[in-house]
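Inspection log for the structure reproduced underneath, given as structure tokens.
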Amino acid sequence: MSAGLIDLHTHTTHSDGSDAPGELVEAASLNGARAIAITDHDTVGAFPEARSAAERFGVEFVPGIEISAEFASGTMHILGYCVDEASPGFQDKLDKLKEAREERNPRIAERLQSLGVDVGYDEVAQLSGNEVVGRPHFARMMVEKGYVASIQEAFDRFLKKGAPAYVEKARLSPGDSIALIHGAKGVAVLAHPYQLKLSSAEQADVLVAELAELGLDGIEAIYSRHSSAERALYAELARRHQLLVSGGSDYHGTYKPDISIVRGLGDLEVHYELLAAIKDRAANRANSVRVFQVEHVFHAAELDND
Ligand code: AMP
Ligand code: ZN
Ligand code: FE
Ligand code: FE
């Protein structure tokens with residue numbers, strides 16, 4: 001049985017969403033989800049609450065993560081699915097990414113101040129809940145203080161890449177982002193490829209080939225803000241490069257008020273089959289790691305006998 005809608009891209013209050021994990025899982029269940037992934041930026045803090053809510057609501061929980069990778073022109077995010085948060089070194093690496101945010105964030109506040117927008121970093125951090133502070137929290141504070149009418153206006157006028165209060169943060173390379181996810185036994189998927197701002201299908205093909213070479217497992221072809229042409233293009237690219245297809249809404253609650261969980265802008269349909277293939281890939285990866293470890297033990301035992 002593989003019917004059922006799912007959503008493999010959502011954010012909670014642990015990063016820049018407005019729903020607590022339990023609320024988000026409940027909202028997914030109300031919208032008919034059979035499975036739900038939480039993919040907060042740089043944190044797995046939502047997992048314990050999400051797991052118990054998922055059990056309560058009879059929804060399958062998929063532990064996920066979203067990592068921002070270095071990419072010159074547009075925005076490259078890599079999603080990780082079925083990550084094991086107890087993997088050695090995983091939390092430490094996520095902590096490093098949070099530190100990179102803490103370097104950047106006060107500088108965004110300084111830029112805003114110099115532009116006449118009186119928003120302080122401390123108040124933004126407080127509003128965010130203090131775990132992972134992101135640009136949407138700055139945007140929310142700017143709305144609350146009346147500098148802009150919407151979060152989108154805050155991004156368009158101040159916070160988006162190239163806008164006057166945009167400040168770079170240290171990121172992992174695409175290869176290291178994929179390795180971070182694989183190191184946690186996860187499946188690495190290129191998020192919302194339209195945000196790469198590539199100029200042609202040929203360019204997309206070259207980039208996907210490079211990422212596949214680095215170990216990328218899949219592409220988020222089905223995405224709220226992808227047109228049907230984009231969904232078809234990226235699904236075809238995945239097929240050509242023997243990658244999995246993924247899909248999700250990128251639900252952020254009130255931070256992206258036009259996007260509903262599971263249904264995106266209204267026409268989103270992500271089916272359970274895609275998750276089944278992702279879980280197979282993760283299970284095969286975990287098995288090959290186990291075989292490798294068993295072989296290691298075996299060799300060590302042989303050496304002891306020598
Ligand atoms: P950060 O990780 O703090 O740099 O913030 C990235 C988040 O800000 C993304 O995941 C989106 O939720 C949001 N975001 C980035 N660019 C835009 C944009 N142009 N318009 C609206 N939201 C955006
Ligand atoms: Zn976000
Ligand atoms: Fe993203
Ligand atoms: Fe996201």
Side-chain angles (χ1 to χ4, degrees), residues 1-12 15 17 19 24-25 27-41 50 54 59-69 74-83 177-178 181 186-196 198 201 204 207-208 211-212 216-253 256 258-282:
M1 215 280 285
S2 58
L5 292 182
I6 62 173
D7 191 340
L8 297 181
H9 191 159
T10 70
H11 297 267
T12 75
S15 67
D19 287 9
L24 183 142
V25 170
S29 167
L30 287 171
N31 272 8
R34 176 173 168 196
I36 180 82
I38 289 178
T39 54
D40 278 320
H41 303 279
V59 175
E60 182 177 339
F61 173 66
V62 181
I65 191 90
E66 185 171 19
I67 305 290
S68 309
T75 294
M76 185 188 288
H77 289 173
I78 312 266
L79 294 157
Y81 292 120
C82 307
V83 292
S177 304
I178 294 167
I181 291 160
V187 171
V189 169
L190 178 65
H192 43 58
Y194 87 105
Q195 286 186 15
L196 296 162
L198 300 172
L207 182 72
V208 167
L211 293 173
L216 186 76
D217 297 293
I219 304 181
E220 187 181 50
I222 309 170
Y223 183 73
S224 297
R225 298 204 198 287
H226 278 176
S227 64
S228 54
E230 284 167 329
R231 291 175 199 189
L233 166 71
Y234 289 111
E236 169 61 14
L237 270 183
R239 196 192 60 76
R240 276 167 52 83
H241 295 277
Q242 295 174 302
L243 298 173
L244 302 167
V245 170
S246 181
S249 66
D250 211 358
Y251 176 74
H252 282 68
K256 289 189 182 178
D258 55 336
I259 292 177
S260 304
I261 198 160
V262 183
R263 300 320 310 261
L265 295 172
D267 66 342
L268 196 69
E269 251 184 57
V270 185
H271 291 277
Y272 191 85
E273 284 88 344
L274 302 185
L275 175 59
I278 288 171
K279 286 185 355 183
D280 278 350
R281 174 74 62 109

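Residue indices begin at 1 and follow the sequence shown. What you see below is based on every heavy atom in this structure, not just the backbone, and it leaves out hydrogens, waters and symmetry mates.
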Looking only at heavy atoms, the pair that brings Val62 and Cys82 closest together is CG1-N, 4.1 Å
Rounding to 0.5 Å, atoms CD1 (Ile67) and CE (Met76) come to a distance of 13.5 Å
CD1 of Ile78 to CD of Glu220: how many Å apart, nearest 0.5 Å? 11.0 Å
Any chance you could measure His271, atom NE2, to Leu5, atom CG, to the nearest 0.5 Å? 5.5 Å
What closest approach, in Å, do Ala221 and Val245 show between heavy atoms, and which atom pair accounts for it? CB-CG1, 4.0 Å
What is the distance from atom CG of Leu216 to atom CD1 of Ile181, rounded to the nearest 0.5 Å? 8.5 Å
Closest non-hydrogen contact found for Val187 with Ile278 is CG2-O, 3.6 Å
Between His192 and Glu66, does a side chain to side chain donor-acceptor pair (under 3.5 Å) hold up when you go through it step by step? CA-CA 11 Å; His192 43 58; Glu66 185 171 19; 3.3 Å; yes
I would like to know whether Asp258 and Arg225 meet side-chain contact (heavy atoms from CB on, under 4.5 Å); could you show each step before the answer? CA-CA 10 Å; Asp258 55 336; Arg225 298 204 198 287; 2.8 Å; yes
Inspect the contact between Asp7 and Arg34 and indicate whether a charged nitrogen and a carboxylate oxygen are less than 4.0 angstrom apart. no
Which distance, rounded to the nearest 0.5 Å, do you find between the CG of Asp40 and the OG1 of Thr10? 7.0 Å
Is any side-chain heavy atom of Tyr251 closer than 4.5 Å to one of Val262? no
Going by the side chain to side chain contact (heavy atoms under 4.5 Å, CB included) test, name the single residue among Val208, Leu190, Thr75 that passes it with Leu196. Leu190
Residues Ser246, Leu274; criterion side-chain contact (heavy atoms from CB on, under 4.5 Å); working and verdict: CA-CA 6 Å; Ser246 181; Leu274 302 185; 5.7 Å; no
Hey, are Glu60 and Lys279 close enough for a salt bridge, meaning a charged N less than 4.0 Å from a carboxylate O? yes
Using a 4.5 Å cut-off on heavy atoms from C-beta on, say whether the side chain of Thr12 contacts that of Ile38. yes
Does any N or O in the side chain of Arg231 come within less than 3.5 Å of the main-chain N or O of Ile222, such that one atom is a donor and the other an acceptor? no
Looking only at heavy atoms, what is the nearest atom pair of Leu275 and Ala35, with distance? CD2-CB, 3.5 Å
Would you call the rings of His9 and Tyr223 parallel, tilted or perpendicular, where under 30° means parallel and over 60° means perpendicular? tilted
Over all atoms of both residues, closest heavy-atom pair of Gly186 and Asp217: O-OD2, 4.3 Å
Quick one: pull up OG1 in Thr39 and CG in Leu8 and give me the separation to the nearest 0.5 Å. 8.5 Å
Ring centroid separation for His41 and His11, is it under 6.0 angstrom? yes
Would you say that Ile65 contacts Leu79 through its side chain, given a criterion of any heavy-atom pair below 4.5 Å between the two side chains? no
Considering all heavy atoms of both residues, which atom of Ser260 and which atom of Asn31 are nearest to each other, and what is their separation? CB-ND2, 4.4 Å
Would you check if the side chain of His241 reaches a backbone N or O of Ala212 as a donor-acceptor pair within less than 3.5 Å? no
